[in-house]
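Working notes, structure below.
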Amino acid sequence: MQTNEDSPELEDELYEHFRFEVPKGQLLLRIDKFLMNLIPNATRNKIQQAATNGDIYVNDAPVKSNYKVKR
């Protein structure tokens, strides 16, 4: 049996999961900028990379980093 230390590909599968609700009155804002303000220590580059990989969802659908957040 391998541990995460022995298998680098398993380490890549470990992610933090976040769930946010957009507050009422939110002005149009790109989702990468919106998330950068909410996730501690997140860089815009990492958020854009997550969007490119299809790892950012809005209403159960993957979105690109240029998706506009509004409520």
Looking only at non-hydrogen atoms, find the nearest pair between [X] and [Y] and report the distance.
X	Y	answer
Pro62	Gly54	CB-O, 4.0 Å
Ile31	Lys64	CG2-O, 3.6 Å
Ser65	Ala51	N-CB, 3.5 Å

Do [X] and [Y] sit in the same hydrophobic cluster, where Ile, Leu, Val, Met, Phe, Trp and Tyr count as joined when their side-chain heavy atoms come under 4.5 Å apart?
X	Y	result
Leu38	Val58	yes
Phe34	Tyr57	no
Val63	Leu28	no
Val22	Ile39	yes
Met36	Leu27	no

Measuring from [X]:[atom1] to [Y]:[atom2], what's the distance to the nearest 0.5 Å?
X	Y	atom1	atom2	answer
Ile47	Thr52	CD1	OG1	12.0 Å
Lys46	Leu35	NZ	CG	15.0 Å
Ile56	Gln48	CD1	CD	9.0 Å

Practice task
With the side chain counted from C-beta on, respond yes when Arg30 and Arg44 share a heavy-atom pair under 4.5 Å apart, and no when they do not.
Solution key: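 The answer is yes; the side chains approach within 4.5 Å.
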Practice task
State, yes or no, whether a side-chain contact exists between Val69 and Gln26 at a heavy-atom distance under 4.5 Å.
Solution key: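 Yes, close enough: below the 4.5 Å cut-off.
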